[in-house]
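As structure tokens, the structure follows; a few thoughts come after it.
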Amino acid sequence: MTTGRFAPSPTGPLHDGSLVAALASWLDARAHGGRWLVRVEDVDTPRCVPGADDAILRQLATCGLVPNAPPVWQSCRAALYQQALDRLAAAGRAYPCACSRKDIEAAQAERGLVRARGRERPYPGTCRPERGGPAGRPARAWRLHTGILEQKQPIAGVESTPPATQSIADDTVITWTDRRLGVQRQDVASSVGDFILKRADGLWAYQLAVVVDDAAQGITHVVRGEDLADNTPRQILLQRALGLPTPRYLHTPLVLAADGEKLSKQNGAQALDLTDPAATLRQAATRLGLAPEPDARGVPELLARWVPAWRALHP
Ligand code: GLU
């Protein structure tokens, strides 16, 4: 059974950009005779706005986008994330990290890791077990070990474990096919490095929560904004480390603000104008390459017409 989902972060009401992703994921599920779920991604609690979750669910309902099961909230699912982290740690794939941002920057500079075109530099691996771990410093964060175990490198003052030579990840180069963008490729170990699973402040990282929940909810088709495409290789790596299936992915075109930046709550995107829901939906549909269907009367008829049109575009 095809299962799709929309997974908004409740950092504010939906805007024109998030409606595109919501509509696309709903159409995709309907086009494939499947179920559509809503998951409120409220793990990053300091960024969440009280009441934004209810506002989003009301906005979706006004647009005729009603989930097939009650929504779930990530803030209620910590036990699942902890189980996954425990499994990764037991398998030697997750390790505790004591590095502050400052420590990381200093180690990156020392190892000559440069920032490429605004991208984060990879974590330099300071707390990797084979390099001595947190070495007595208090460690509250957890990272995924993304790659090849390094040869022992003596570090002054740090007792390290014997040299390890075997690989713990079969391959950190992830190749995947996006249903709209085509074949994509990323070497996670060299471009991102060992990424955070649980933050030092105790909050669960998006990457772990999304992978655990997509699997737990039986999601087969992920449809979301293109800004998230470069998270996909990390998520596939985590799925493999946890023995979970990889869903199919489709990343939708971004809606850009007047300044050319992605429309987001951070750059002050306006909440959806729902005085005329059909007009707002037509605008979102147009961005997905669907016809505005001017003679359709009302939201249900519009949605019904777009389902087969979507299936033709994205079989
Ligand atoms: N919660 C994420 C966001 O609102 C979306 C995550 C996803 O669809 O994987 O940007």
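Just so you know, ligand 1 is whichever comes first in the structure, and atom 1 is the first atom listed for that ligand. Only this structure's heavy atoms are used, side chains among them; waters, hydrogens and symmetry mates stay out.
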**OP:** May I ask you to decide if the ring planes of Tyr249 and His251 are parallel, tilted or perpendicular, using 30° and 60° as cut-offs?
**Re:** parallel
Original post:
Would you call the rings of Tyr123 and Tyr95 parallel, tilted or perpendicular if under 30° counts as parallel and over 60° as perpendicular?
Top reply: tilted
Original post:
Given that the side chain starts at C-beta and the backbone is N, CA, C, O, which of these parts of Leu228 lies under 4.0 Å from ligand 1, counting heavy atoms, or is it both or neither?
Top reply: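 The answer is the side chain of Leu228.
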Original post:
When you measure from atom 6 (C) of ligand 1 to each heavy atom in Arg5, Arg39, His251, Glu41, which option holds the nearest one?
Top reply: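 Going through Arg5, Arg39, His251, Glu41 one by one, Glu41 has the nearest heavy atom to atom 6 (C) of ligand 1.
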Original post:
So, do Arg287 and Leu23 sit near enough that their side-chain heavy atoms are less than 4.5 Å apart?
Top reply: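 They are not in contact (no side-chain heavy atoms under 4.5 Å apart), so the answer is no.
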In ligand 1, which numbered atoms sit nearer than 4.0 Å to a non-hydrogen atom of [X]?
| X | result |
| --- | --- |
| Ser9 | 1 (N), 2 (C), 3 (C), 4 (O) |
| Arg224 | 7 (C), 8 (O), 9 (O) |
| Tyr206 | 6 (C), 7 (C), 9 (O) |

**OP:** Kindly determine whether Tyr206 and Gln74 satisfy side-chain hydrogen bond (donor to acceptor under 3.5 Å, both in side chains), including the steps that lead there.
**Re:** CA-CA 10 Å; Tyr206 158 65; Gln74 287 190 321; over 6 Å; no
Original post:
Does NZ or CZ of Lys198 fall inside the cone over Trp142's six-membered ring, less than 6.0 Å from its centre and within 45° of the axis?
Top reply: no
Original post:
Is there a nitrogen or oxygen of Val210 sitting under 3.5 Å from a nitrogen or oxygen of ligand 1?
Top reply: no
